[in-house]
**Q** 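Before I ask anything, let me first share the structure, which is written out below as structure tokens.
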There are 2 protein chains.
Amino acid sequence: MLALTKKTDYALVALAYLARRGRSVTSSREIAAGSGVPCAMLTNILKCLTHAGLVTSERGSRGGYALAVEPGDITLHCLMTAIEGPSHVVRCMIPGQSDAGSACLLEKSCPVREPAKNVYNRLRKFLEGISLAELGVRVSQPVVTRVDSDQSPASLVGI
Amino acid sequence: MLALTKKTDYALVALAYLARRGRSVTSSREIAAGSGVPCAMLTNILKCLTHAGLVTSERGSRGGYALAVEPGDITLHCLMTAIEGPSHVVRCMIPGQSDAGSACLLEKSCPVREPAKNVYNRLRKFLEGISLAELGVRVSQPVVTRVDSDQSPASLVGI
DNA sequence: TTGATACTGCACCGATTTAGTACTATATAG
DNA sequence: CTATATAGTACTAAATCGGTGCAGTATCAA
């Protein structure tokens, strides 16, 4: 499969909503309502995005999330790594597992391994070349460092 | 995940072995022994490859498989489709399921869907641009239409 | 004609991964 | 102090993947 997992897909939609909210801090609840992503799922996703530094979080009442970087500066590869962990093309190349005991029978004599590594690098570059901006994630309002007012929470995605 | 499944990985290794055997008809048993792919698994994989027209099969004693096309003419996308079925980037774009009742809540208002389709097309083109030849699958002997002798079955992959 | 070989098609099960939920702890505003 | 909202983690259920097995059919050779 080369598909995005449902989680990554959700993350994309959530980020798209966040972008539309400018950079005002938005609670997970509102993001869920506005983007259509199930709330329980979303909170976990936002935790991943926070860890990866793609969004910033603020605790407490009036807390929430906001985009940490411009959509044009987040790559698809970056998002996938944030949600799904380190990527790989063939299993024997999973980071930190290459010389594990469970390695494939072919080991060093495998004729595919080296070329596959090359393909993986090209694929990674490809994914690094796709920004979220290209995926429809656009900041709709003039970017403000911090907004406290509720503004129009109007669900632009319209559930 | 953007990884190949283990099956696709196996298919690659099996095709690499087949290519090294020129175009002589080779039994699944020998391919298994020579490539290191578990035999039971391999037979299923070879069925897929046959359906997809990547290899030809011959039944009966003395039967077996042979490459149907040049490694340079088989693309990674083609192989993945043969083993894993039709690909997609986001679930709502799975072929023939786009308007199913189980569609995502966002439906037509989803801001990600259209751009994702675009990315999918680019990704597909990328995968279509990678031939098995680039993945280390090389025909090692002058291509012969049919060889009956056993030749040197020497495991070139060396288990 | 019979037997051995080898692919075909399908069905099955266990293991892993993904999807989704829940609960406790901690931080902040009022 | 209380309400709100994130942080962290653990857990269950569903889907997919990995792997095996078997009955059926075709081919070759004795």
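Note on naming: letters A, B, ... go to the chains in the order of the sequence lines (proteins, then strands), and numbering restarts at 1 for each one.
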**Q** Between A:Glu58 (CD) and D:dA5 (C1'), how many Å, whole number?
**A**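 Those two atoms, CD and C1', are 11 Å apart.
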**Q** Does some side-chain heavy atom of A:Tyr65 sit less than 4.5 Å from a side-chain heavy atom of A:Leu49?
**A**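 Contact flag for A:Leu49/A:Tyr65 side chains = no.
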**Q** Rounded to the Å, how far apart are A:Lys47 NZ and D:dT6 P?
**A**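 Atom NZ in A:Lys47 sits about 9 Å away from atom P in D:dT6.
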**Q** Roughly how many Å is it from OH in B:Tyr10 to C1' in D:dC17, rounded to a whole number?
**A**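 Atom OH in B:Tyr10 sits about 12 Å away from atom C1' in D:dC17.
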**Q** Quick one: salt bridge (Lys or Arg N to Asp or Glu O under 4.0 Å) partners of A:Arg59, sequence neighbours excluded?
**A**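 Not a single residue meets the salt bridge (Lys or Arg N to Asp or Glu O under 4.0 Å) criterion with A:Arg59.
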**Q** Between A:Ser57 and D:dA7, does any side-chain N or O lie under 4.0 Å from OP1 or OP2?
**A**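 Affirmative; the distance criterion is met.
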**Q** Starting at atom CZ of A:Arg59, determine the distance to atom C1' of D:dA5, rounded to an integer number of angstrom.
**A**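 Distance check: A:Arg59 CZ to D:dA5 C1' gives 9 Å.
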**Q** Side chain of B:Arg124, backbone of B:His77: donor and acceptor closer than 3.5 Å?
**A**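 No, B:Arg124 side chain to B:His77 backbone: no donor-acceptor pair under 3.5 Å.
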**Q** Could you tell me the separation between the CG atom of B:Leu46 and the C1' atom of D:dG19, rounded to a whole number of Å?
**A**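 Going from CG in B:Leu46 over to C1' in D:dG19 covers 15 Å.
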**Q** Does A:Glu70 form a salt bridge (Lys or Arg N to Asp or Glu O under 4.0 Å) with A:Arg23? I'd like the steps, not just the answer.
**A** CA-CA 10 Å; A:Glu70 295 298 317; A:Arg23 278 197 182 173; 2.8 Å; yes
**Q** If you look at every strand shown and take non-hydrogen atoms under 4.0 Å, does A:Thr43 touch a base, only sugar-phosphate, or nothing?
**A**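 A:Thr43: no heavy atom of the nucleic acid under 4.0 Å.
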**Q** Below the 4.0 Å mark, does C:dA19 have OP1 or OP2 next to a side-chain nitrogen or oxygen of A:Thr5?
**A**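 Answer is yes, contact under 4.0 Å.
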**Q** If I take atom NZ in residue B:Lys6 and atom P in nucleotide D:dC17, what distance separates them, rounded to the nearest angstrom?
**A**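 Rounding to the nearest Å, NZ of B:Lys6 and P of D:dC17 are 14 Å apart.
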**Q** Roughly how bent is the helix from C:dT1-D:dA30 to C:dG30-D:dC1 end to end, in steps of 10 degrees, with each end axis from five pairs?
**A**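 Computed from the C1' atoms at both ends, the axes differ by 10°.
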**Q** Can you name the side-chain contact (heavy atoms from CB on, under 4.5 Å) partners of A:Thr8, sequence neighbours left out?
**A**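 So A:Thr8 forms a side-chain contact (heavy atoms from CB on, under 4.5 Å) with A:Leu4, A:Thr5, A:Leu79, A:Met80, A:Ile83, A:Glu84.
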**Q** With a 3.5 Å distance limit and no angle check, can you tell me whether A:Arg138 reaches the backbone of A:Arg20 through a side-chain donor-acceptor pair?
**A**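 Judged by distance alone, no pair lies under 3.5 Å.
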**Q** Using the side-chain heavy atoms of B:Ser28, tell me which of these nucleotides is nearest: C:dC7, D:dT6, C:dA29.
**A**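 In terms of side-chain proximity for B:Ser28, the closest of C:dC7, D:dT6, C:dA29 is C:dC7.
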**Q** Under 3.5 Å, is there any donor-acceptor pair linking the side chain of B:Asn44 to the base of C:dC10?
**A**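 Counting by modelled atom types and ignoring angles, a donor-acceptor contact under 3.5 Å is found here.
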**Q** For B:Ile45 and C:dA6, what is the distance between atoms CD1 and P respectively, to the nearest whole Å?
**A**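 In whole Å, C:dA6 P lies 19 Å from B:Ile45 CD1.
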**Q** Would you call B:Arg122 and A:Glu134 a salt bridge, taking side-chain N to carboxylate O under 4.0 Å as the test?
**A**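 Yes.
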**Q** When you measure from the side chain of A:Ala40, which nucleotide among D:dG18, C:dT21, C:dT8 comes out closest?
**A**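 Nearest nucleotide to the side chain: C:dT21.
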**Q** Whole angstrom is fine here: how far is it from CG in B:Asp9 over to P in D:dC17?
**A**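 So the CG-P distance, B:Asp9 to D:dC17, works out to 14 Å.
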**Q** Under 4.0 Å between a side-chain N or O of A:His51 and OP1 or OP2 of D:dA7?
**A**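 No, because none of the side-chain N or O atoms of A:His51 sits under 4.0 Å from OP1 or OP2 of D:dA7.
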